[in-house]
Amino acid sequence: MISFYCIYFIIIWAVFMAVKPARKFMLALVPWLLFVIIYNLLRYFPNYEANPVDIRGIYEAEKALFGVTTAEGRITLGEYFNVHNAPAADLLSGLFYLCWIPVPMIYSICLFFSGKRRESLKASTAFLVVNIIGFAVYYIHPAAPPWYVLQYGFTPQFDVPGNVAGLVRFDNLLPFDVFAHIYPGNSNIFAAVPSLHSAYVLTAAVYVLINKGSKTLFAAFMVITVGIWCTAVYTCHHYVIDVLLGIADAAAGIILLECVLYRIPAVKRAFDKYVALLN
């Protein structure tokens with residue numbers, strides 16, 4: 001079933017689309033609307049039905065490439081931090097991870113309302129394209145996250161719900177749950193490769209440079225980006241391999257748009273016409 005939040009987002013968008021003063025802003029939000037719809041549709045087409053799930057292979061590769069040696073033998077960084085953690089790191093990790101979608105979305109919205117409609121649409125479109133590439137890889141190479149191995153071992157189980165993993169420590173620091181309300185609705189748990197969390201704010205940071213934005217804003221986005229990378233591994237949501245592939249995903253999406261698609265005359269004309277609708 002499509003999530004309540006997806007339906008709510010679509011209804012709100014449609015209502016405001018009918019209001020003339022809000023119509024241009026709603027058109028600017030179309031890439032975000034498409035992201036929400038596509039993400040929610042993934043649950044109808046499980047990636048584990050397309051290809052075998054990589055559980056042991058990626059775990060062994062991670063341990064060999066980025067593992068740490070302990071008295072009990074070589075283990076992954078996620079396994080290490082699952083035992084060795086600290087409240088301060090738990091708090092920071094949760095705060096960084098909460099930035100994954102809000103930061104790039106707020107950046108695009110701020111560009112829109114500051115009159116930089118082309119720049120806003122470019123940043124939003126890049127977010128969508130990076131997601132589409134990532135979703136395609138989900139189906140090409142389904143992979144289990146580190147927390148799955150910790151909890152279920154190397155046997156595929158397809159009825160497992162999303163898991164808050166190490167982010168539960170952040171929730172435990174607060175008088176209310178945050179991530180416990182987010183992860184159970186995950187569209188697919190075997191979608192660790194690539195880490196899209198690792199790509200989102202990085203993509204926004206690159207567009208700060210492309211849009212000739214402030215160096216301070218770029219630096220702030222990069223701090224958040226690195227914080228998300230570290231959090232992904234620290235909380236057992238991703239392997240370092242996943243993070244590196246998420247970075248590659250962001251690079252691929254940006255290069256595809258800026259160096260290929262936007263240089264095709266028909267695409268450029270279509271993009272220019274859409275920008276004209278926003279002005």
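As the structure is a computational prediction, the values presented were derived from the model and not from experiment.
In this structure, F66 has its ring center no closer than 6.0 Å to that of Y239. Aromatic pair F25/F113: centroids less than 6.0 angstrom apart. Note: H237 and Y183 meet the aromatic proximity criterion, with ring centroids under 6.0 Å apart. You'll find the ring centres of F190 and Y138 outside the 6.0 Å limit. The six-membered or imidazole ring of Y274 lies away from that of F271, with a centre-to-centre distance of 6.0 Å or more.
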Criterion side-chain hydrogen bond (donor to acceptor under 3.5 Å, both in side chains) on E79 and Y59, from CA distance to verdict | CA-CA 11 Å; E79 289 173 318; Y59 170 83; 3.0 Å; yes
Are K63 and E60 close enough, and set up right, to give a salt bridge (charged side-chain N to carboxylate O under 4.0 Å, His left out), and what steps lead you there?
-> CA-CA 5 Å; K63 189 165 62 173; E60 296 294 347; 3.7 Å; yes
Between E258 and R263, is a salt bridge (charged side-chain N to carboxylate O under 4.0 Å, His left out) present by the stated rule, with each step listed?
-> CA-CA 7 Å; E258 298 295 333; R263 298 188 181 188; over 6 Å; no
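Smallest separation of non-hydrogen atoms from V130 and D249: O-OD2, 3.0 Å. In this structure, C99 and V201 approach most closely via the heavy-atom pair O-CG2, 3.7 Å. Across Y200 and W100, no two heavy atoms sit closer than the pair CB-O, 3.2 Å. Residue I55 comes nearest to T155 through the heavy atom pair CD1-C, 4.1 Å, listed as atom of the first residue, atom of the second, then distance. Here the closest heavy-atom approach between residue L277 and residue K24 is recorded as O-CG, 3.5 Å. Smallest separation of non-hydrogen atoms from L202 and A250: CD2-CB, 4.0 Å.
Within the 4.5 Å cutoff, no side-chain heavy atoms of L29 are placed close to those of L33. For the pair P146 and F81, the minimum side-chain heavy-atom distance is 4.5 Å or more.
Note on ring orientation: taking the six-membered ring where Trp is involved, the planes of F135 and Y39 are tilted (angle from 30° to 60°). H238 and H197 have tilted rings, their planes meeting at an angle from 30° to 60° on a 0 to 90° scale. Taking the six-membered ring where tryptophan is involved, the planes of F179 and F170 are perpendicular, since the angle between them exceeds 60° and thus also 30°.
Linking Ile, Leu, Val, Met, Phe, Trp and Tyr whenever their side-chain heavy atoms come within less than 4.5 Å leaves I11 and V19 in two separate clusters. Hydrophobic clustering, with ILVMFWY side chains joined whenever heavy atoms are under 4.5 angstrom apart, keeps I106 apart from L95. In the hydrophobic cluster analysis, where Ile, Leu, Val, Met, Phe, Trp and Tyr join through side-chain heavy atoms closer than 4.5 angstrom, L173 is grouped together with L92. I255 and I247 end up in different hydrophobic clusters when Ile, Leu, Val, Met, Phe, Trp and Tyr side chains are linked at under 4.5 Å.
With S124 contributing its side chain and L121 its backbone, the two residues share no donor-acceptor pair below 3.5 Å. Here the side chain of N279 pairs a donor or acceptor atom with the backbone of V275 at under 3.5 angstrom. Using modelled atom types, no side-chain atom of R169 and backbone atom of D90 make a donor-acceptor pair closer than 3.5 Å. No donor-acceptor distance shorter than 3.5 angstrom exists from the side chain of Q151 to the backbone of Y148, with no hydrogens or angles considered. Of the possible polar contacts, none joining the S108 side chain to the A123 backbone as a donor-acceptor pair under 3.5 Å is found. The backbone N or O of V178 sits less than 3.5 Å from a side-chain atom of D171, completing a donor-acceptor pair. Judged purely by atom type and a 3.5 angstrom limit, D242 has no side-chain atom pairing as donor or acceptor with the backbone of S195. The closest donor-acceptor contact from the side chain of E62 to the backbone of G67 lies at 3.5 Å or more, if one exists at all. Within the 3.5 Å criterion, the main-chain N or O of N82 finds a donor-acceptor partner in the side chain of N85. No donor-acceptor pair under 3.5 Å is formed between the side chain of Y97 and the backbone N or O of L167.
For Y107 and E119, the side-chain atoms include no donor-acceptor pair closer than 3.5 Å. Side-chain atoms of H141 and D54 include a donor-acceptor pair closer than 3.5 Å.
The neighbour count for Y80 OH, taken as heavy atoms of other residues, nucleotides or ligands under 6.0 Å away, does not exceed 12. In F45, the CZ atom is not crowded: 12 or fewer heavy atoms of neighbouring residues, nucleotides or ligands sit closer than 6.0 Å.
Separation of atoms CH2 (W147) and SG (C236) is listed at 11.0 Å; rounding is to 0.5 Å. The OH atom of Y262 sits 9.5 Å away from atom CG of L256, with the distance rounded to the nearest 0.5 Å.
In this structure, R23 fails the cation-pi test against F16, since its NZ or CZ atom is not both closer than 6.0 Å to the six-membered ring centre and inside 45 degrees of the ring normal.
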